[in-house]
There are 2 protein chains.
Amino acid sequence: MLNDIIFYVLDKTIKRYRQYAQGQIDRAGISITVDQWLVLSVIQESPELGQTEIAERVFKDQASVARIIDLLVKKELLVQSTSRQDRRRVDRSITPQGHALLQDVAPIIARNRSTALQGLSEPAIEQLRQTLETIYANCQTTTEG
Amino acid sequence: MLNDIIFYVLDKTIKRYRQYAQGQIDRAGISITVDQWLVLSVIQESPELGQTEIAERVFKDQASVARIIDLLVKKELLVQSTSRQDRRRVDRSITPQGHALLQDVAPIIARNRSTALQGLSEPAIEQLRQTLETIYANCQTTTEG
DNA sequence: ACCAAACCTATGATATATCATTTAAATAAA
DNA sequence: TTTATTTAAATGATATATCATAGGTTTGGT
């Protein structure tokens, strides 16, 4: 059975958590995806980062981040302008609406996380983290061909 | 830091494993995605399942499964025909190429899994499974509005 | 037989993932 | 300075995720 394969359990768990988290945001009547929120909050914390650096932080692709940022701009949560110092780069700043949204979403995310971890002790979570990090390290993708 | 949040560790781990697994298939010169392979192998095991049932097994959406099946048909790994008994349904059968591909991919997948789990004891994996199942259960999405 | 409900697949719309490439700009090298 | 390399962002192509819905088909109720 697929459930015997730990990677399917991993897969189904993360999918379920995402659905749950998105559902809680939707239910609050806030129009943003978890991925958009994540990118927006990274920009809030570190507005100086470029797309590639944002992508690294959130484990996404540069192209994905570019498109998510597009949507954030369209939603007027973020404004962009070409950097004066380096015209390849883009200066970003979060709009008042963007800040307001981040504030509205923050408690929902916090609640989601604690709900998802109910019944798990600190050591259990630490154990989870370490096991995942081991798997992560095992799947090192070699740089050479 | 994002790494302090267990859900990001979860996310990055599953993404890394997927990349690794896909890379190993690509490197073997086999032209199929992990998702396509997964759907194909479920059909091999249980050819009588409908799209919705396949979707449940692989934690995907019915629509996603429909499109993956489309691609499998285009790749001539699978053939479909309307069922005589119930004309809403579709009979599926894996082509010889499909069977051959499944055979080629099987050892790669097996190798990927054991590589990813290197250094983890059976109890550690069992612990991982149980922790994930707890999170999964905690994120029960209520059926009512 | 008739209508309503349930069912299965297909598809449109949008968001995200990934790879590869393009464009423009900055920087290093010659 | 001119050229080559590197870097940042944008974009095309394809695959997958998700929601909603459309089109047929079967089934259940009357």
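Every chain is numbered from 1, with letters handed out A, B, ... down the list of sequences.
Salt bridge absent: B:Glu133 and A:Arg16 never bring a charged side-chain N and a carboxylate O closer than 4.0 Å. Ion pairing of B:Asp11 with A:Arg18 is present here, as a side-chain N (NZ or NE/NH1/NH2) and a carboxylate O approach within less than 4.0 Å.
Not one N or O on the side chain of B:Gln44 forms a donor-acceptor pair closer than 3.5 Å with the backbone of B:Leu102. Side-chain atoms of A:Thr82 do not come within 3.5 Å of backbone N or O of A:Val90 as any donor-acceptor pair. The main-chain N or O of A:Ser31 is found under 3.5 Å from a side-chain atom of A:Lys75 such that the two form a donor-acceptor pair.
One interatomic measurement links the two molecules: OH of B:Tyr17 to C1' of C:dT18, which rounds to 18 Å at whole-angstrom precision. For the pair A:Leu38 CG and C:dA17 C1', the computed distance is 14 Å after rounding to whole Å. A:Ile14 has its CD1 atom 12 Å from the P atom of C:dA17, to the nearest Å. Separating the NZ atom of B:Lys60 from the C1' atom of D:dA15 is a distance of 10 Å, rounded to the nearest angstrom. Counting to the nearest Å, the C1' atom of D:dA17 and the CD1 atom of A:Ile68 are 13 Å from each other. For A:Gln19 and D:dT18, the CD to C1' distance is 9 Å, given to the nearest whole Å. Regarding B:Arg18, its CZ atom lies at a distance of 16 Å from the P atom of C:dT16, rounded to whole Å. C:dA17 atom P lies 14 Å from atom CD1 of A:Ile54, rounded to whole Å.
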Residues 119-126 of chain A side chain polar contacts: donor-acceptor under 3.5 Å, at least two apart:
residue  : atom : partner  : partner atom : Å
A:Ser121 : OG   : A:Ala124 : N            : 3.1
A:Glu126 : OE1  : A:Arg129 : NE           : 3.2
A:Glu126 : OE2  : A:Gln130 : NE2          : 3.3

Which pairs would a plain distance check flag for residues 57-64 of chain A, meaning a side-chain donor or acceptor within less than 3.5 Å of a matching protein atom at least two apart in sequence or in another chain?
residue : atom : partner : partner atom : Å
A:Arg57 : NH1  : A:Ser46 : OG           : 3.3
A:Lys60 : NZ   : A:Asp35 : OD1          : 2.5
A:Asp61 : OD2  : A:Ala63 : N            : 2.9
A:Gln62 : NE2  : A:Gln51 : OE1          : 2.8

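Rotation axes derived from the C1' atoms of the five outermost pairs at either end of the helix from C:dA1-D:dT30 to C:dA30-D:dT1 lie 10° apart, to the nearest 10°.
Contact check of residues 28-36 of chain A against DNA chain D (heavy atom, cut-off under 4.0 Å) returns no residues at all.
The hydrophobic cluster containing B:Tyr8 also contains A:Val42, counting ILVMFWY residues as joined when their side-chain heavy atoms lie under 4.5 angstrom apart, directly or transitively.
Mapping A:Arg87 and A:Val65 onto DNA chain C via the closest heavy atom, the residue that lands nearer the 5' end is A:Val65.
Here B:Arg111 pairs with nothing under the salt bridge (Lys or Arg N to Asp or Glu O under 4.0 Å) rule; sequence neighbours left out.
In this structure, B:Ser64 does not reach the D:dT16 phosphate: none of its side-chain N or O atoms is under 4.0 Å from OP1 or OP2. For the pair B:Lys15 and C:dA17, the criterion of a side-chain N or O lying under 4.0 Å from OP1 or OP2 is met.
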Show the distances under 3.5 angstrom between N or O atoms of the protein and N or O atoms of nucleotides 8-12 of chain D.
residue : atom : partner : partner atom : Å
D:dA9   : OP2  : A:Gln51 : N            : 2.8
D:dA10  : OP2  : A:Gln51 : NE2          : 2.5
D:dA10  : N7   : A:Gln62 : NE2          : 3.1
D:dA10  : N6   : A:Gln62 : OE1          : 3.3
D:dG12  : N7   : A:Arg67 : NH2          : 2.7
D:dG12  : O6   : A:Arg67 : NH1          : 3.3
D:dG12  : O6   : A:Arg67 : NH2          : 3.2

Does the side chain to side chain contact (heavy atoms under 4.5 Å, CB included) test come out yes or no for A:Val73 and A:Val79, once each step is laid out?
-> CA-CA 6 Å; A:Val73 170; A:Val79 290; over 6 Å; no

Let me see the working for A:Ile135 and A:Ile6 under side chain to side chain contact (heavy atoms under 4.5 Å, CB included), right down to the final yes or no.
-> CA-CA 11 Å; A:Ile135 294 173; A:Ile6 193 68; 5.6 Å; no

